[in-house]
Every structure is written in C-alpha cells, then in structure tokens.
Amino acid sequence: MQTSRTNPSLTVFVATLLAFAVLITALSEGYGTGHLSTSFIKTLGKTLCLGLAALAMDLIWGYAGILSLGHMAFFALGGYMIGMWLMYARTREIVEASLSGGGLPATPQELEQGIASQIFGVVGGSDLPFIWGFAHSFPLQMALVVLVPGVLALVFGWLAFRARVTGVYLSILTQAMTLALALYLFQNESGLRGNNGLSGLQNLPGLADVDQATLSVWFFWASAAALGLAYLLISWIVSGKFGSVIRAIRDDEARVRFLGYSVEGYKLFVFALTAVVIALAGALYYPQAGIINPAELAPTASIYLAVWVAIGGRGRLYGAVIGAAVVSLLSSWFTGGRAPSIPLGFGRLDWVDWWQVLLGLTFVLVTLFAPKGLGGLFDALTGLRSPNRRGAALGPDQGALQEREAQK
Amino acid sequence: MTALLEVSGVTVSFDGFRAINNLTFSIGPAELRAIIGPNGAGKSTFMDIVTGKTRPDSGSVLFGDLSRSLLKMTEAQIARAGIGRKFQRPTVFEDQSVAENLTLALRAARSPWRVLFWRPTAQDRGRVAELAEQVGLLDHLARKSGELSHGQKQWLEIAMLLAQEPRLLLVDEPAAGMTPAERDLTTDMLVEIAKTRAVVVVEHDMEFVRRLNCKVTVLHEGAVLAEGSLEHVTRNKDVIDVYLGRGE
Amino acid sequence: MRHLSRFLLIALCWLWTGFAQAQVAQEILQSNSALVEKASRQTIGPVIDALATSGDPAAAMILGAWSAKGLGLRKTDGRFVLLGPSADGYALRDLNGNDIGTAPTAEIAELKPNAGVRGLIATALVQFNLSDPDPTKRADALASIASDPTEAGLAPLRASIAAEKDAGLLAQKQRLERLLTLRFDPDSAARVMAIQSFGADIGLDLRGALNPLLATRRVVVVGAAPPDANIAQELLPGKTLTIAQAYELLQAANLAPARLTLADQRAALIANLENGAVGGVALAVLNTQAARDRAYTALEVAGKVPLATTEDEVTSALANHRFFDVYLEADPAVTQAASTALAAISQQVGIMQAADLALDGLSLASIYFLAAIGLAITFGVMGVINMAHGEFITIGAYTGFVVQQWVPNYTASILIALPLAFAVTFAIGVAMERLVIRHLYKRPLETLLATFGISIALQQILKNIFGTQARPLTSPAWLDGAWVLNDVVSISYIRIAIFVLALVFLAFFLWLMKRTRLGLEVRAVTQNPTMAASMGINPDRINMLTFGIGSGIAGIAGVAIGLFAKVTSELGTDYIVQSFMTVVVGGVGNIWGALAGATMIGGLQKAIEWLNPSNTLAAQTYMILFIILFIQFRPRGIIALKGRAAGD
C-alpha cells in the first residue's frame, strides 16, 4: 500500500540530477574546461532553486489541492533574510577597513554607525532598524530564514484555514498577502531599504579572494543538493499515509473530516512546510542573483510559480521541477534576445516582444488540452493512461484532480 | 439503558425556515434505528447537526458515557469521538487504491505529525485485508477505488466506516441505487453491525426499513412525529396524514 | 526721525489744503524737487504720502506716470512735467494733463525711480485703485493687498470702504480690513475684537493672518523671566526640551562652552598619538569608548587638550538658566485671543477634514466599485475567476486613447469611447468565454490559471502596440477643476463624474438583473443550470452574454479610470487584486456586496491614510491585513447569502 505509491521516478531523478551537476562542474570556468560561462552557471543554479520552489508548490497544490498564489512571498522573504546577513557582514568588512585607516581602531558604536549609514544612506537613514538586530550573526540570521517565512505562513494559514477559506477564495487571499507584503517592503520605513532592496549579495563575506567563477559552482552544488534533498523529503512525505491524507483532502476535504482528520491542521502543516522549503530556495537563489527588491513579491510572481507546476504537470514531483526549469530557461533565452527573430512578410517577429504572448497562449492551451503538462509525456512513455470517467473529476473539491490529470 | 446519543430541544433555521424544530431524540449504545420522513423533514439536517457540519441555534447534543456536548466540537473531533457517517452518494477517495482508502480510515492517531511517521504494522495490514474480505473487495486491494462499480464503492465506504470503529454510525439511504441482492446483504450487515454499536439509518424505502425490523422514528417538519415499531407508526393517524396528504 | 517727518508732513498737508486743488500736486513736487529728483526708498516716503493724500484729482495720474518713467524735470524752469513720446524728444503735458508742446531730449531730465521707490508709489496708488470706478481694478487692488498684507494697506482700505457700492467687493473689503486690523492696528482692543469677529472661520487667509501672531522664538535667560516678554511657555530641559537641545541653545547664546563631540575627541586622540599609545593607553585597545575616554582624560591631565565639559557641568549650566518660548507679538491679549481663535478653528478644520476625507473615501470607493462591478458579474454571479479582468480595464482605457486620436473634441471622444470600449471588451469577453472559459466551468482554479495566461498575453500585446510609456487620455475641459465647498473641503469634478458613473452602473446592473428577461435567465442559470435548461433557457448563450456584459462593463470602467490614472499596459494589474478583494469582502453573488465592499475598502483606506498621512503604501498594506482579519469574522463577506443557497 504505502509502498505502492513510492515515487518510481525517485532514483531516476536523483541520478539525473547528480549526473547533471557533475557535467556542469566539468564544463564550468571554476572547476572545469570553461565551456560554460560563470553567468550561465549562475542561471543554472538559480533554475535549480526555482525547481525547488516548484517542488514545494507541487506539494501544496498538486498533492494538497491548495492553490496558494502567494508562495513567492516566502521565496523573497528567505532571500531578504539571507540578504540581510550578506549585506551586513560585507558592509562591516568595508567599514572596518575604512575606519581603521583613520588612525584609531573603530569602536563598536562607530562600526555600527558606519554600517548603518553605509546601508541606509540611500534611503536617508543612519540607524540600523531593530529588525537588523540579528544580522551580525550568520546562525541567527539563518534561523530567521526559516522562522520568519515559517511563522508568517503559520499565522496566515491559521487565519485562512480556520475561517475555512478554500478554493479560489484562498488563492485571492494569498495574492492579497503577497501584495500587502510587497507594498510594505516598498516603503523606506520597512527597514529593508524600500524599493532599492538589498544588493551586492553575490559577494560572500570572508571570501573576498574566491572569485565568482568558483563561487558560482559552489552555489550550483548547494542548489543541486538542496533540490535533491527536498525531492527525497517530499517523495517520502507523499508516499506514506500523510500523502494519502493530503491527496484525500485535495479531492474531498469534507469526507476527510468525517474520517476524523483535522483538515485544517494538515493544510496548515503543508502550508508552513512548503513556505519554509521555498524560503530556503530563495535563500539560495538571491546570493546567485546578487540583488533582491520588493518587485520580487509582485502578485504575478506567485502565479508564475503555479504556471510552472501546471506546465510540468501537477501531482508529479519531477513534473514540477521540469516545468520550472523548462519555462524559466526558455524565458531567459527568449527574453535575453538570443532567440532568432522570425521574418514575416510584413515585419519581423521579435521574441523579446512576443515571448510573453507565446507563453500565455501556450499556458492556456496546456490548461485546456494537456492538463498533465510535460509530465504527460513521461506518462505516455511509461504507458500510464488516464482513467475513463466520462469527464468526472476525482472529487468534489476545486483542487481535485481532473480525469485527464489522473493516472489509471 | 443510558443513551449513547441524546439530542434535546434542538432548533435550527436557515433564512427563517425552520429545518429542525425543537427536536428531541436519543439512541442506546447498541441499537438499530430507522429514521423516515418525507422530503424536507429535516433528516439530512439532523445528521449534519450530529456530525458537526451544521450548528444548531439552540438545544443540546450529548454523546458517549461522559455525555460530552458535541456542539463545541469540530467535525473531525466528533468523528474521532466515535461517530461515523455514511453519505447517500458513495464517497471514497477515487484517486487512491482500496487499500489506501481503508488505511486512511483505520483507527489510529490522526494528528499530522503522528501520521507523517506512521508506518503500517503487520497487524494493520491484516486488519485492512480482513475488512476488505468482509465486503468482498480482497481481490481489489491494489485497484484505484475510482474504478470500482457503484455497489463496490458503497461497500468500500461501509468497510471504511467499520475501520473507524465508531460507536455510532449514521447511514444515509444505504439502499439507493443497489440491486435487490445487494440490498439484502446490506440489511443483514447493518443488523449485524448494530449488535455492537448504535446505527441510525435514514431511509425512504419502506420495504428496506421493514426488513431492518427495528424501532422507527418519523420526522416531519423538523420534529419527531411518531416513534415506535414500524407497525405502530404506520397505524399512527398523523403519520398517515403526512404521507397520504403529501401524496406519497 | 520718523516721527519728525510725519509731523512735518501733517503740517505741510494742513498748509496746502488752502491752495487750489489742481496746484497742490505741483507744489508738493516743486517744493521737494531735490528729494524727488534723487528719490530713494528711505527718504521719498513723506513726499509720496503727501501726494497721495493731497486730494489733487491728478495725483493718481502723476504717481502712475512717475512710476512708469513718464515724469520729468524741465531744466529750463525746473518745473515738473508729464512726458510722452514725440518725434524729436518729448511731448510735454503739465501736471493737470494739458499739452504744453514738445521739448528736445536734452532739455528734460527724466525721473528714473528705482524698484524701492516704485514699490512705495504702488502702495500709494492702492488707495486710488481701491476707489477706482472700475470694479475689476478695485478687485485687483484688493487682491494685491491680500497677497502682501502690510500696515500701509490698512488706512487706504478703511478709507475706501465707506464709498464701496458693490456688495461683493464691500464684503471682501470688510473681511480684509479685519484681517489687517488684527495684525496691524495699534489698538490692542481693536485687534482682539477683529480676531473674535471671525469666530471659527476656516478661511486660509484668516489662518495665514493668525499664525504669524503666534510665532515664537527661543530665549535663554539667567534668573527670572524677562518682565516685558510675552511668554508662550517655559521649556524644561529634560522634559519639554531635550538636554542636548537646551545645551545647544546655551552654546548658541554664548552662555556655555561647546561640548566635546566624539569626532573631536577622535581627532584629538589621533593628534596626540605617540609611540603606538595615546595618553598611556595602547592604540590597539582604543576600540571602545571607555578606553578613549580614559585616554582623553589622561591627555587633559597632561594639559595637552582642552578640558571637556563634564556631565555635571552641563547639568549645572542648565540649572542656572531658564528657557522660554517668547511670542514675537508683544501684546498678550492679542496672542491669547489668537490662540483661542486658532484652537476653535482647528477644531472646525478637523470636522471639515473629516468631511473631506469622507468625500475622498467615497470617490475612492466609486473607483473600486467601477473596477469591481464587472467582476461582480463574472465572478460574483457566474463564479468565473477572470484574471484578465484587469486587461479588459486597460483595453477600455486604450480604446479611449485611440478614439481621442481620431476625434479631437474631448467631450465627443469620451461619449464615443464609452460605448466603443464596451463593444470591444464585450467582443473579447465573448470570444474568451467561447474559446476557453466554457471548457473550464466547475474548475475555477484552472480557470484562474488559464485566464492568467490570457492576461499576460494580452498585456504583452498591448505593450507591443502602444509601447511602455503612459498614453494620455484627456478629460473634457468641463471636467477640469474642482467643486470647492470651502478652503478645506473640495472634490474634483472628475471624481464626481466617476461617482455618478458608479451610480449609473449600479442602477444599470439592478435593472438588468431584476427587470429584464436576460437578468431572469442569468439568475436561473446560475442558481440551477439543469433546471433552467429544462425550461428552455440556453445556458451556453446566457453564460456567454453574461460574461460579455461583465467584460464590457470593465471596458467602460477602463475609460473612466484612464481619465485620472496613467494609461499603460499595466494599468489593470494595479486594480485586479483590489477588485477581487472588493467582491470577496463584500460578499459574492450580490451587487450590494460589491458596493459594500468598495465602500468599506475605499473608506478604510482613506481613514488609514488620514492616521498616517505620509504613507499611502502603508495604508494599502494595513488595508489588506485588515481584510485578511475581516474574513475571519465574516468568511462570506459583508452581505452574505445565508443558508443552503450559499452552497457548500
């Protein structure tokens, strides 16, 4: 029974990931032949992080049926939390160097003053806001990477699930959550530098003599390891009775209640767990991106996350990762201006301008005609077919699997 | 005999319409009871109240040896306290195998954390097999329950209810959509189950009720109209008025 | 000096009244010709005043000519003449305006008053203008006094009131007279009375006049308060004044030495660095403030640095002085009356601001309502989540823009744009319903994602067509400006128009749903599609039309929103989440719900902005937090459908 649901793709996935990581390392500038540029390694590393986020999104939407459209807020929060440490520690090094050049060793007050004016000069501040109280310590700030998104998810989830907000209402509410957070962070008074965001995150404190080519490979490996571990963890979660319960909640939550399970508790658990996983993904992503600002919390960012999962095929963990990777890599290829333009009789089709249109329409088509997404290809390869249910979904709830999404 | 479930003076209204009107009802720990009544008599609402889906405007619902009030409990807590409910439409988790459905229902810890680390013991597997055998689904354990026939789903749901080991079972129109042979089996099973626990059957079909051979409660406009043996209530003038008057 | 000149002037005036009037001006000028010729701001005042009060009917003309470099001195006889242009030199007139021939340039010394003198002349001219037969001139003169109130304006203003015939101007003059009286009248009682005469008037001019009366300056004194000072309040260091501020005041008044700043201390330490130590403290340990203080003390003892003021010295210095805010206005009765009046005014202003806020909230609510009403149909009635709703709004706004490219008359173009926007978005909505949404009924989450795909595609297409810069959608001129109730409460006509449009939509919606066959069928289909179908209603057609109408209304809303917002391809994105919240908070499936939701969101947002006026972003944040909490208590919105009909 519970073993029958063990994801057969698990070993394949982990092996592929490992092989991919070795291959990329061998072609990198830092450790290999240099065929791949450092910026491309960073792009790949970021893509793995997005895959990790999509994995968590699949757990909450594909398995638990909760279409949260606010999870990228947790991604960005994770980035902000790690960014605070990176920026503080890096600025501290610079300030220390400049102050000791003045003749006297700096006092702690001078140091703090220097750091504060260095970081907050841009928003006209000269004091460190209290939320930076832990930024001097890596372990404390790492704890915040988990705690801040986790606690926010717990509070928000508790309020939303307790009030039995489900389906599209929950989606709208999560959109509102991320919008509220974005608007809050846009203010200079938020203590996180308003719309300037945090920058210079690509420099690791204490590692000034390690070049970006090497660092990028380190981060790539860290991202790959995080993705692999999360894949193991989430596969384990969904393969057991817990997975059975959340899939049951996805398809018919009222029935699960009558079996004696506290549906709200499970939803909250999954909501918070995925928030933490996504926050960790963000904490790995933004040091590779180098900069984070409140635009990252735009409500649409979270919808894109759902789009990746849908294109990959929800309810299939590998599908989510593949969807995120394919869409985000294609996006950067098309919008990076490297895709060749298509000459038409009356003009040229420039992908920079039309990729978004193609993506949007593709997505509509996938939703309409191929709800299994890219995962459907794998189903076809392995001979899995959908059940014939004459169009009926697998349960009465909004998040329930459709006939064409399910496996027979 | 102290009552297992005691509903007294319960009233609930939707937008001014009184679905349940000062209803009083009780059932013993090992008793079979049929509830009949015309459409809109409040049968489903009654079950919704007992299972916690609907909160009454007034009245009390007490359950168990300690006479705990169900009104402050959530659906899940009520289910854990020992009340199982079978819906009219078979509701099983169609994307999951028969075994998974039964495992979900098995009496075990229900908290997320405990469930996360729960792994079936040999005893659990045995119990699942035993239940499946009881309802004739032993050969279908690995099949997705969505593929089962309508009758098989009904059986699976009954097996799931048994797996929960409830002290009170609420069964909503179990015979709907069943073949005569399946009906007979169902009646026998309900009678059997009722030897160890309380069973409340809501049913339209008089023939089915007659076969259950148990005490009958007639609901009308949200209140108890008559109670007693089927013979007794069918002779009751009010009951005849209600049924004949409504042309049923 | 000033008194003396005034006395002389009065004497002169008295003397001159005996002369024939027409001669007066000439005499004044002639007798002061040296002053006039070399006129300077300091000295010419009495002469101008004498001219102005001479009663000579030509005085205004003479002053005007002087100011405009039209007055000259004929060198041959030293008489003043009026100058005009002529072929060879000047055309001359005497001071009564009679032609007296021409003169070559060399014979005339043209008077060239500097800016200061011209200013004095202008002030003097005011009194003539205040009594000018032309009302516009009188109004201009009043406005010039009001914009730059001076003591000098008071007398001519008072003098002109008696003869004023125009009721409107009379009221203005009287009001201005009181405003000047309260500031400049030498009589304290008159000023107090002027102040009190206004009551709680909320005019900006009154506050502008009262506030300077309460201006204060900080003074530091040793011992008791200065007896003649009009003290606003005493400041207590450590309580109403920080120690640092108080000490700075002392320092500024040269009553105490400067304190040692950390930067100075640092510089002093660096300057005295010897052999890796300062004052016996090793350099390496100077990384705490305590160590630096020790090193500095050692340097003090060694006499190498000035003694730093200690905390005790600061304390005793502060204890020996008293700090006051002193009114610049010396008269306590006046400041008392002014502060009482201002208190009453600020209360009145508070009430008015609340009214203004309510109007603002109402107009914001109508914007939200406009943006949300289409959704109230597609989402509220049909249950279809349309993430492209925002793009429908954008398309409506762009339709307005395109129409304005073809129809230059703004009124006409808006009137064309409204139905056209409806038609365009109706068509797109119907197409979308046919092609996509129809296949996804009962799958709201998939609908959400599919329509999001449409949304990003539409948004990019719009961006490709119209570019990224904001396109103007200009409102007709009659919508410019604002309806001003008083200096605090005002509302722009465009917002009133939007409010009216919102009401029109509400009425239209109610009429459509309650009074038409279509509305009946829509309600039937949404409540029970199977039953409706069995009664001969075609649910496909109804769904298509309903969705089209919802989309069309979004288009019209877009035209309205485009009139005040920047029209870019992202216009709709700004409204989409709020619109959904409006419908959810209000209660789904009910137009009154959308109305209630919009009113609540708009009103609350303005209220929060009022509490924290500097920050609209924060207001929106708190607004959304409030909504999330609100849903705890009313999960189905303000106006919830109760019972079984609400569906589970």
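In the text below, chain A, chain B and the rest are named by the order of the sequence lines, each starting its count at 1. If you're wondering where the values come from, they're calculated on a predicted model, not measured in any experiment. Below, each value reflects all heavy atoms present in this structure, side chains not excepted, and no hydrogens, waters or symmetry copies.
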*Asks:* Check whether C/Ala291 gets within reach of chain A through its side chain, its backbone, both or neither, counting any heavy atom under 4.5 Å.
*Replies:* neither
*Asks:* Looking at C/Phe452 versus A/Tyr304, is the centre-to-centre ring distance below 6.0 Å?
*Replies:*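 Close enough - the centres of the two rings lie under 6.0 Å apart.
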*Asks:* Once rounded to the nearest 0.5 Å, what's the spacing between atom OG1 of C/Thr451 and atom CD1 of A/Ile303?
*Replies:* 8.5 Å
*Asks:* Please classify the contact of A/Ala298 with chain C as side chain, backbone, both or neither, using a heavy-atom distance under 4.5 Å.
*Replies:*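 Answer is neither: A/Ala298 stays 4.5 Å or more from chain C.
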*Asks:* Walk me through whether A/Tyr184 and C/Tyr622 qualify under ring-ring contact (aromatic ring centres under 6.0 Å, His included).
*Replies:* CA-CA 9 Å; A/Tyr184 178 75; C/Tyr622 297 131; 7.4 Å; no
*Asks:* Find out whether C/Ile385 and A/Ile172 are in side-chain contact, i.e. whether some heavy atom of one side chain is under 4.5 Å from a heavy atom of the other.
*Replies:* yes
*Asks:* With only heavy atoms counted, which part of A/Ala176 is less than 4.5 Å from chain C, the side chain, the backbone, both or neither?
*Replies:* both
*Asks:* Please round to the nearest 0.5 Å and tell me the distance separating atom CE of C/Met581 and atom CG of A/Leu173.
*Replies:*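 One gets 5.5 Å once the value is rounded to the nearest 0.5 Å.
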*Asks:* Please classify the contact of C/Phe633 with chain A as side chain, backbone, both or neither, using a heavy-atom distance under 4.5 Å.
*Replies:* neither
*Asks:* Hey, are the side chains of A/Thr367 and C/Arg443 touching, using non-hydrogen atoms and a 4.5 Å cut-off?
*Replies:* no
*Asks:* Write down the atom of A/Val168, the atom of C/Pro444, and the distance for their closest heavy-atom approach.
*Replies:* CG1-CB, 3.5 Å
*Asks:* Are A/Gln109 and C/Gln289 side-chain neighbours, meaning at least one heavy-atom pair lies under 4.5 Å?
*Replies:* yes
*Asks:* Counting only non-hydrogen atoms closer than 4.5 Å, does C/Met623 touch chain A with its backbone (N, CA, C, O), its side chain (CB onward), both, or neither?
*Replies:* neither
*Asks:* Taking all heavy atoms of C/Ala457 and all of A/Gly360, pick out the closest pair and write down the distance.
*Replies:* CB-CA, 4.3 Å
*Asks:* Going through the distances and angles, do A/Glu110 and C/Arg266 end up as a side-chain contact (heavy atoms from CB on, under 4.5 Å)?
*Replies:* CA-CA 11 Å; A/Glu110 281 176 338; C/Arg266 185 183 155 89; 3.5 Å; yes
*Asks:* Calculate, to the nearest 0.5 Å, the distance between atoms CG and CG belonging to A/Leu368 and C/Leu435 respectively.
*Replies:*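 It is 9.0 Å, given to the nearest 0.5 Å.
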*Asks:* So for C/Gln459, is it side chain, backbone, both, or neither that comes closer than 4.5 Å to the heavy atoms of chain A?
*Replies:* neither
*Asks:* For the residue pair A/Gln402 / C/Glu446, report whether a side-chain donor-acceptor contact shorter than 3.5 Å exists.
*Replies:* yes
*Asks:* If you round to the nearest 0.5 Å, how far is CE of A/Met177 from CD1 of C/Ile628?
*Replies:* 7.5 Å
*Asks:* Less than 4.5 Å apart, any side-chain heavy atom of C/Leu448 and any of A/Leu69?
*Replies:* yes
*Asks:* Sort A/Asp397 into side chain, backbone, both or neither according to what part of it lies under 4.5 angstrom from a heavy atom of chain C.
*Replies:*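 It is the backbone, since no side chain atom gets that close.
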*Asks:* Looking at C/Gln620 and A/Leu183, what are the two nearest heavy atoms and their distance?
*Replies:* OE1-CD1, 3.2 Å
*Asks:* Would you find more than 12 non-hydrogen atoms of other residues, nucleotides or ligands less than 6.0 Å from A/Glu112 atom CD?
*Replies:* no
*Asks:* Where does C/Leu286 contact chain A at under 4.5 Å (heavy atoms): side chain, backbone, both or neither?
*Replies:*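 Backbone plus side chain of C/Leu286, per the 4.5 Å heavy-atom cut-off to chain A.
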*Asks:* Which value, rounded to the nearest 0.5 Å, describes the distance between C/Asp574 atom CG and A/Leu179 atom CG?
*Replies:*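 Between C/Asp574 CG and A/Leu179 CG, I get 9.5 Å after rounding to 0.5 Å.
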*Asks:* Highest number of heavy-atom pairs under 4.5 Å with chain C: which of A/Trp354, A/Phe186, A/Trp355?
*Replies:*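 Max contact count across the listed options: A/Trp354.
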*Asks:* Side chain from CB out, backbone as N, CA, C, O: work out which of these in A/Gln113 comes under 4.5 Å of a heavy atom of chain C, or both, or neither.
*Replies:* neither
*Asks:* If I compare all heavy atoms of C/Asn287 with all of A/Pro108, which pair ends up nearest, and what's the gap?
*Replies:*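 Shortest heavy-atom separation between C/Asn287 and A/Pro108 comes out as O-CD, 3.0 Å.
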*Asks:* Heavy-atom pairs under 4.5 Å with chain A - which of C/Ile576, C/Val577, C/Leu445, C/Leu625 has more of them than the others?
*Replies:*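 When all of C/Ile576, C/Val577, C/Leu445, C/Leu625 are compared, C/Leu445 has the most.
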*Asks:* Counting only non-hydrogen atoms closer than 4.5 Å, does C/Ile461 touch chain A with its backbone (N, CA, C, O), its side chain (CB onward), both, or neither?
*Replies:* both
*Asks:* Please give me the minimum heavy-atom distance between A/Pro105 and C/Arg292, naming the atom from each residue.
*Replies:* O-NH2, 2.6 Å
*Asks:* Who among A/Ala180, A/Gly65, A/Ala182 has the most heavy-atom pairs with chain C under 4.5 Å?
*Replies:* A/Ala180
*Asks:* Checking A/Asp353 side chain against C/Asn464 main chain: does a donor-acceptor pair fall under 3.5 Å?
*Replies:* no
*Asks:* Once you round to the nearest 0.5 Å, how far does OG1 of A/Thr300 lie from CE of C/Met387?
*Replies:* 8.5 Å
*Asks:* Quick one: does A/Gln187's side chain get under 4.5 Å of C/Thr621's, heavy atoms only?
*Replies:* yes
